[in-house]
Amino acid sequence: MSYNMETKSFLTNLERVAEVRADVANAFSRIADILKQAETAGAKKSGQLGLDREIEDTQKASHNLRHGVFRLLVLGDMKRGKSTFLNALIGENILPSDVNPCTALLTVLRYGPEKKVTVYFKDGKSPQELDFKSFKQNYTIPPSEAKQLEQNQQQAFPDVDYAVLEYPLSLLQKGVEIVDSPGLNDTESRNELSLGYINNCHAILFVMRASQPCTLGERRYLENYIKGRGLSVFFLINAWDQVRESLIDPDDEEELQDSETRLRQVFKANLAEYCVVDGHDIYEERVFEISAIQALRRRIKDAIASLEGTGFPNFLGALNAFLTQERAVSELRQARTLARQTSTRVREAIERRIPLLDGDVKELKQRISSVEPEFKALTNIRDRFKDEIKQVRDSKARAIADSFRTYVLNLDKTFESDFLTYQPDIKFGDFIDKGKRENFEARFRQAFEQYINDKLSAWSLTAEQEMNGAFIQLAKSASQYGADYTKVTTKITEKLTGQRIHPGSNTLPEDSSPAWANWAMGLVSLATGNLAGAALMGAGFDWKNILLNMVAVIGISAAVSTVFGIILGPITLAMVGLGVGLFQADRARLEVVKVTKKELVKYLPQVADQQWQPIHDAVKECFDAYDREVTQRIDDDIKSRQAELDNLLGQKESHEINRVSELERLRKLEADISLEARNIETEYQDLLMAVG
């Protein structure tokens, strides 16, 4: 498989997806314009149809599709060749990838007509624009400095938020955005920043190195931040060509094969569990042996050079299939759903309006009065669903906060065995010499923060699973409430028109379900901008983004670290008193853990109690946000249906409606919206054929 063929296929598919996004965005824009014009005209004729929500949703969908990108997050320890890999991927030496410097900022690569770097700062400081050369000079650091910063728990550029690199490259122009993170063995606060992007990315590219297979740091991050979270991860084992170079006899093919086989076994033993999706083993589609430096060297000399033997062709093929056949199709399927339900809503409103064009004001008032019980029934359905949301909210908020308290209070039970894997080495005299003691305390503090962050991450996964189960339950309830709601609206239509409106033969369940129920069930995300990340059933409400970095935001890690700062003094004094520095290393490690546990236990109840309320409130806010959006959408639907009738009544009271011209206008509106919905359906089907 040649690089040229795979690259061409990938870029062709990306371009096709970009074209479809643009075409569908234009279709939604036309739908919004048609509806706005229809409502403006209706205000002077038989009255508006109450389509404000449809106008808003289709406008947002148009905007979000027009600006939609596939966002890839690059993760990995420092010095794994992340920047070299990215330079090889895009075909130019953009990011710092020399032997010595390390990228020290979280950097977003996106398309721009001109080469430009913008550095964004914290605390409202104005952004700084730089050329690429200045960016490399100012924002890279040598490994020795990075190591010192890590030991001192400091950031290289604490006042910088992130940088955006704009570049006129085909890959970026065709809808790919790349987030390049600092190394995962950077400071804990920087790690939180990198990991905070996870939920907003379509896929993670986890770069490893063949010469350092699955280090403790890598296993730590995979276990605590990736495992069990439903993330799409591609593992790139870089510098695979160096396996041959590490042999005593690089020309010994049998020795090379044996060495590569053993190395593959090590990686598979460590990575296999992260390559299972819905019970299917997709290891071969997620793990790739690459040589980024070879690929980069070839591409710098010749942009269209073959990269056969570098691993890039196979990786690009898998990434192509994932982005264009899975994620793009899912995105456009949601667009189709939104278009269909908009068309259904317009058709039903028109079918209600036409029979009511005839008849006098008195008759219309009687019909409107006859459906008042049904409108009360709609409000009742809303209130019942709201009550259920609140019940689930109160139950889960308390349960999750209680689970945190219990979890923290039980940390002491496994602390001795758990913390040993984090504790730094203890050398003779570490507690005798003041300078060595301060150095050890810094390393010990970092180890403790890693331990706490990992423990809290493990707990947060349990909390996520609890939340996920709760929203799945609410989605099922939304489906049932939506079905009840549809029965009532159908009855309203029958009483108003004296006719029964049958759904079309091609109508899907989500087409006839109320729009608010589809949103609550998670069938449409386009109107809310969630085109990347893990959302409720791939849907419009993304509770994970609301809860994202909950542990960091509410300051649990900071609170625990503060507590550790308090207890560090007594721990150091106790260790000096015990003469820990004179013990055998193993015994010294055990003594340190015992003393730390003794001091920690005193403060665990304080941490558990202090953080109970913030966690309770954070979880509660997730459900409140869901409740607010659901309620607003139901209220909008009820009000639009009432306004639809009131508008008609007002027009009848003010002047005689020209039935013939109004019938023509309404039928044209229905046909125009139906045509645009079919156009979106055609785009979706064509995309299936193009990338399938």
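Along the sequence shown, residues are numbered consecutively beginning with 1.
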Going by the salt bridge (charged side-chain N to carboxylate O under 4.0 Å, His left out) test, which pairs reach into [range], not counting sequence neighbours?
range: residues 265-278; answer: Lys227-Glu273
range: residues 164-176; answer: Lys116-Glu166
range: residues 236-249; answer: Arg244-Glu253

Side-chain ([X]) to main-chain ([Y]) donor-acceptor, under 3.5 angstrom:
X: Arg21; Y: Gly68; value: yes
X: Asn238; Y: Ala292; value: yes
X: Asn468; Y: Glu464; value: no
X: Arg286; Y: Val276; value: no

inquiry  = Classify the ring geometry of Tyr167 against Phe132: parallel below 30°, tilted from 30° to 60°, perpendicular beyond 60°.
reply    =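 Ring orientation, 0 to 90° scale: perpendicular.
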Taking side chain to side chain donor-acceptor pair (under 3.5 Å) as the test, write out the residues that go with [X], two or more places apart.
X: Gln242; value: none
X: Gln265; value: none
X: Gln59; value: none
X: Asn270; value: none

If you round to the nearest 0.5 Å, how far is [atom2] of [Y] from [atom1] of [X]?
X: Arg80; Y: Glu218; atom1: CZ; atom2: CD; result: 4.5 Å
X: Gln257; Y: Arg264; atom1: CD; atom2: CZ; result: 8.5 Å
X: Leu14; Y: Asn320; atom1: CG; atom2: CG; result: 6.5 Å
X: Ile290; Y: Leu89; atom1: CD1; atom2: CG; result: 9.0 Å

key: Test: Glu19 and Arg16 ion pair at under 4.0 Å   =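 Looking at Glu19 and Arg16, the cut-off is met.
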Please report the shortest heavy-atom distance between [X] and [Y], naming the atom on each side.
X: Ala32; Y: Thr58; value: CB-OG1, 3.5 Å
X: Asp77; Y: Lys82; value: O-NZ, 3.4 Å
X: Ser291; Y: Phe312; value: O-CE1, 4.1 Å
X: Phe135; Y: Leu130; value: CA-CD1, 4.1 Å

message = Under 3.5 Å, is there a donor on one side chain and an acceptor on the other for Asn138 and Ser134?
response =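 The answer is no; no qualifying pair exists.
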Set of residues satisfying side chain to side chain contact (heavy atoms under 4.5 Å, CB included) with respect to [X], sequence neighbours excluded:
X: Glu254; answer: Asp252, Asp258
X: Asn679; answer: Arg30, Leu675, Glu676
X: Ala25; answer: Ser62, Leu65, Arg66
X: Glu177; answer: Val69, Arg71, Val108, Arg110

Inter- and intrachain pairs under ring pair (Phe, Tyr, Trp, His ring centres under 6.0 Å), touching residues 239-283, at least two apart =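 For residues 239-283: none.
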